[in-house]
Amino acid sequence: MLIHSAAQILTLAGGPQRGSDLGELGIFQDSAILIHGGRIVELGPVEELRAAYPDEEHIDATNCVVMPGFVDPHTHLIWAGDRAEEFELRLKGKTYLEILAAGGGILSTVRATRAATPDSLLTDTRPRLNSMLRHGTTTAEAKTGYGLEIDSELRMLQALITLDEEGPLELAITFLGAHAIAPEFKDNPQGYTDHICEEMLPEVHAWWPADRQLPFVDVFCETGAFNLDQSRQILIKARHLGFPLKIHADEFDNLGGAALAAELQAVSADHLVATSSDDIRVLAASDTVAIALPNTPFGLAEKHYTPATAILEAGGILALATDLNPGTAWCENMQFVIALACRYMKLTPAQAIAAATINAAAAINRADRIGSLEPGKQADVLILEIPHYQHLGYRFGTNLVKTVIKKGEVVAGVSPQS
Ligand code: NIG
Ligand code: FE
């Protein structure tokens, strides 16, 4: 397949982008991309490549922007039920943490997810995956965390493996048994922490298929969930078993999760709304990717967003994700995340695009394979119906993706004319 004549090809070449380097799009014009065997083979002048490969399927991308598929590095995409009633409660003044403390919130989705059959979990989740794909996400991270006891958590892990194998969207799976205090341990958070460390993590490790890389282990380090010591205990145990680490840090309160992530060399620290300046410095000096989730404050109608400018000034690696979940952010669309990040985190469209592609790939340890258009990389490619990359961010609320190509095959949108 040869994609040619795009107004701009954004390659994002050169690896993850730190601090003030964020926003290097590596733009090619008057160029074409040759894709073969699901990989990018060559980028070069249109006429040269057309002449050299006359038998390839030719895709005309005139007036369009071509770029890598979005990588969404933080989602809770598998759950049962919904929380529309809670949305109304919040509009009337109840806070997210108050609803959780009263046994609602995450715990209400836990009740629905525990009661769901494996089949209905898959049936409920597939439309969300399709929506992600249509909006240009070609790889996503996906967490468990609505089971909170071993059998339900393993059911979620199995469902995620099944969905990843079905494709075409690829999933990077995370075990989030530490998403909330399980109802069985209601007044005993330390008991549940010990149970995760002594029972659940070893069971997940033993159960996990040997031919797959181990999943990430994540913890919700927050008031009303796991405190800093409990988060540390869980992450250290996980690291000891060989799991790569993630953490939900400082979504509402500054408990110190961001510095903990840096100390334990977590792959990412996510949310980072209430993070202190000291912790921003520590995190930004590390290789841990800072994932901002602007859908979440937007979804909760809150004023404070991740301080992206401070993270970048301190030299951090910043990525963007949807946080897709039934409580705070039922939104599958990375284009909308970019639009929010430009307005409320003051990123330029170029910075937001890099944060949603190559840096997002780094946030799930896959920057060697996806996130940019470079020879040898997987051909996960978007064709957007826009004349200039700035339209991403500038425009919002409609889908700008015309065609989605995954591993060299058109999988969503309009199949372009040859
Ligand atoms: O990242 N904060 C914890 N987890 C999710 C919300 C999940 C839910 O409310 O169901 C988040 O925002
Ligand atoms: Fe989350």
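We count residues from 1, following the sequence as given. First listed ligand is number 1; within each ligand, the first listed atom is number 1. All of these numbers come straight from a predicted model, not from anything done at the bench.
- Two rings, from Phe252 and Tyr96, have their centers less than 6.0 Å apart.
- At a threshold of 4.0 Å, the pair Glu332-Arg134 does not count as salt-bridged, since none of the basic side-chain nitrogens sits closer than that to a carboxylate oxygen.
- In terms of protein heavy atoms, atom 5 (C) of ligand 1 is closest to His76 NE2, 3.4 Å.
- The atoms of ligand 1 that sit less than 4.0 Å from any heavy atom of His74 are 1 (O).
- Here the protein heavy atom with the shortest distance to atom 7 (C) of ligand 1 is Tyr146 OH, 3.3 Å.
- For the residue pair Gln190 / Asp194, a side-chain donor-acceptor distance below 3.5 Å is found, with atom types taken as modelled.
- Looking at His179 next to ligand 1, an N or O pair under 3.5 Å apart turns up.
- Residue Thr109 places every heavy atom at 4.0 Å or more from ligand 1.
- Shown are the protein N/O/S atoms under 2.8 Å from the Fe ion (ligand 2), given by residue and atom: His74 NE2, His76 NE2, His248 NE2, Asp323 OD1.
- Listed for the Glu86 side chain is no donor-acceptor partner under 3.5 Å among the backbone atoms of Ile99.
- Classified by interplanar angle (parallel below 30°, tilted 30° to 60°, perpendicular above 60°), the ring pair His271/His248 is tilted.
- Summary of contacts: the protein heavy atom closest to atom 11 (C) of ligand 1 is Asp323 OD2, 3.1 Å.
- Remark: Trp330 pairs with Trp79 by the ring pair (Phe, Tyr, Trp, His ring centres under 6.0 Å) rule, at least two apart or across chains.
- Using a 4.0 Å cut-off between a side-chain N of Lys or Arg and a carboxylate O of Asp or Glu, Asp287 and Arg18 qualify as a salt bridge.
- Here the protein heavy atom with the shortest distance to atom 2 (N) of ligand 1 is Glu251 OE1, 2.6 Å.
- Leu171 is listed as a side-chain neighbour of Leu77, based on a closest heavy-atom distance under 4.5 Å.
- Between Glu409 and Lys407 there is no salt bridge, since none of the side-chain N atoms of the basic residue sits less than 4.0 Å from a carboxylate O of the acidic one.
- One option in Tyr96, Phe220, Trp330 has a heavy atom closer to atom 6 (C) of ligand 1 than any other, and that option is Tyr96.
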